[in-house]
Participant: 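Got a structure here, written out as structure tokens. Questions coming.
Residues take their numbers from the sequence shown, with the count starting at 1. Order of appearance sets the numbers: ligands from 1, and atoms from 1 within every ligand. Just so you know, these numbers use all the heavy atoms, side chains as well, and skip hydrogens, waters and symmetry mates.
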Amino acid sequence: MSALLSDATFVSRYDRHAVKAGVVHLGLGAFHRAHQAPAFDALIAAGDPRWGITGVAMRSPDVVAALAAQDGLYSLSQRGSGEDRPQVIAALAAFHVAAQAPEAVVAALAHVDTHLVTLTITEKGYLDHGALSAAGLIARALGRRHAAGLAPLTILSCDNRSHNGTVAREAVLAAAQAAGIDNAALHWIADQVAFPASMVDRITPAATPEMAAGSSDALGLLDRAAVWTEPFWQWVVEDRFAAVRPDLAEVGVQLVADVAPWETAKLRLLNGAHSALAYRGLLRGHRFVHEAIADPALGALVDRLWDEAAETIDQSVVDVPVYRAALRKRFANPALPHALIQIAADGSQKLPPRLLGPIGDRDAKGLTSPALAEAVAGWIVGLSRIDGLVDPMLADLQPLARKNAPAEVLLARIAPDFHQSEEIDQAIAQLRETA
Ligand code: CS2
């Protein structure tokens, strides 16, 4: 049996004692450990020790327990390029579970060394403004920073929502109001705290015991917090920071004036196709993305969906044929099994930016959207037929889907301004006959 990955068994490429936790990250899942954490790890390795991370799991204690036993070290393996050697990430300097130790999280956010807060709390994470929510904890800490005369923070959302910076700002302001924070602090949050938007991209399945076993073997040390990801990595950030700003460009981040065109292109091409594959794939008996994309019927659906979505995005930020070819390869990566049921979660939050937005834009130009409609139909039929779906609105939506309610009724619940459901009803009728 190998020894556990830890400071005693592994020599980091930089002096971990000199690292300060300038970043607090909320949402310590596999995606963060594959995306933002290696960027800060690279910044520290390049000589700036201010960007260590305090990692916060919102509810589950499991990742924190695994990391705590390993001094915060974990391995990240790129799967699919042939080079599967794990890289050990040493940027996590401290970790907490928000549900168990909210005060420790607020103290970290209010600490003088903290400059940046990054968020991967999922699409639905912004709906909650309560005291233990991400927005609630941030609001409380900002109130404390204001009272202490400390510098404002930059709050950087890394979730797949349109205009995620604005969404984060609204959630924090709502939470600050709900918490009864005084007016002066509210104005300071509104005027001085920065909420840049960002687009993040790296396909990263939820961590599994299989990943831990494979990585431990490759490393020669036991790693219970191992993450597998793909070689591709992209982070586009709106260049608007409060106070201290990390040199993210140095580690490959694209800093731009307006993230919206990148965000829309990625949500509609990558995530839209993912959602189509998830529901339609599960209905056809597939379990993983690489299996679904290899199914000729679904491969063709994705192609038609890309034709439709491509007409609704700003093509100056992506070379569509190149991007599509790359996506197809990324989806087909057999070394990175990505469970469709994971992508199928929270459809009520994911569908509007991924599938309904492009349908609405096409409709405004007088264009129909048969492939996008088929993807939405997959979600609605899936609501009544797929086992194990997770969604904050499941109790509301599932009975409607089971009663064969018209698409309009379901879609009104998740996108009140959406009125293009006729094509979707046709696609549902067809799917019910064939699936
Ligand atoms: C996926 C995303 O789970 C999902 O809904 O579509 O997590 C996707 O893998 C990432 O956005 C890729 O960057």
Participant: For atom 12 (C) of ligand 1, what's the nearest protein heavy-atom neighbour? Residue, atom name and distance, please.
Facilitator: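 Looking at atom 12 (C) of ligand 1, the protein heavy atom closest to it is Asp201 OD1, 3.3 Å.
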Participant: Could you check Leu173, Thr166, Val167 and say which one makes a side-chain contact (heavy atoms from CB on, under 4.5 Å) with Glu170?
Facilitator: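 It is Thr166, the one option of Leu173, Thr166, Val167 that forms the side-chain contact (heavy atoms from CB on, under 4.5 Å) with Glu170.
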Participant: Can you name the atoms of ligand 1, numbered from 1 with element, that are less than 4.0 Å from a heavy atom of Asn160?
Facilitator: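 With Asn160 as reference, the close atoms of ligand 1 come out as 2 (C), 11 (O).
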Participant: Any idea which part of Thr204 is under 4.0 Å from ligand 1, heavy-atom wise: side chain, backbone, both or neither?
Facilitator: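 For Thr204, there is no contact with ligand 1 at all, from either part.
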Participant: In Å, rounded to the nearest 0.5 Å, how long is the span from OG1 of Thr118 to CD1 of Ile155?
Facilitator: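 Going from OG1 on Thr118 over to CD1 on Ile155, the span is 9.5 Å.
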Participant: I'd like to know if Arg354 contacts ligand 1, where contact means a heavy-atom distance under 4.0 Å to any ligand atom.
Facilitator: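 The answer is yes, since Arg354 has a heavy atom less than 4.0 Å from ligand 1.
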Participant: Going by heavy atoms, is Lys266 under 4.0 Å from ligand 1?
Facilitator: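 Yes.
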Participant: Does the side chain to side chain donor-acceptor pair (under 3.5 Å) test come out yes or no for Asp223 and Ser215, once each step is laid out?
Facilitator: CA-CA 7 Å; Asp223 178 7; Ser215 299; 5.6 Å; no
Participant: Parallel, tilted or perpendicular for Trp235 and His35, by the 30°/60° rule?
Facilitator: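 If you compare the ring of Trp235 with that of His35, the planes turn out perpendicular.
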Participant: Evaluate the ring planes of His338 and His274, with Trp represented by its six-membered ring, and classify them as parallel (under 30°), tilted (30 to 60°) or perpendicular (over 60°).
Facilitator: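 It falls in the perpendicular class, over 60°.
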Participant: How far does CZ of Phe232 sit from CD1 of Ile203, to the nearest 0.5 angstrom?
Facilitator: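 Here the rounded value is 8.5 Å.
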Participant: Of Glu230, Gln342, His274, Lys350, which has the heavy atom at the shortest distance from atom 9 (O) of ligand 1?
Facilitator: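 Nearest option to atom 9 (O) of ligand 1, by heavy atoms: His274.
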Participant: Can you name the atoms of ligand 1, numbered from 1 with element, that are less than 4.0 Å from a heavy atom of His338?
Facilitator: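 Here the atoms of ligand 1 in question are 9 (O).
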Participant: Only one of Arg280, Arg287, Arg284 clears salt bridge (charged side-chain N to carboxylate O under 4.0 Å, His left out) with Asp295; which?
Facilitator: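 Per the salt bridge (charged side-chain N to carboxylate O under 4.0 Å, His left out) rule, the option paired with Asp295 is Arg284, out of Arg280, Arg287, Arg284.
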Participant: Could you list the atoms of ligand 1 found under 4.0 angstrom from a heavy atom of Arg202?
Facilitator: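 Under 4.0 Å from Arg202, ligand 1 has these atoms: 12 (C), 13 (O).
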Participant: Can you tell me which residue and heavy atom of the protein come closest to atom 2 (C) of ligand 1, and the distance to 0.1 Å?
Facilitator: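 Going by distance alone, atom 2 (C) of ligand 1 is nearest to Asn271 ND2, 3.6 Å.
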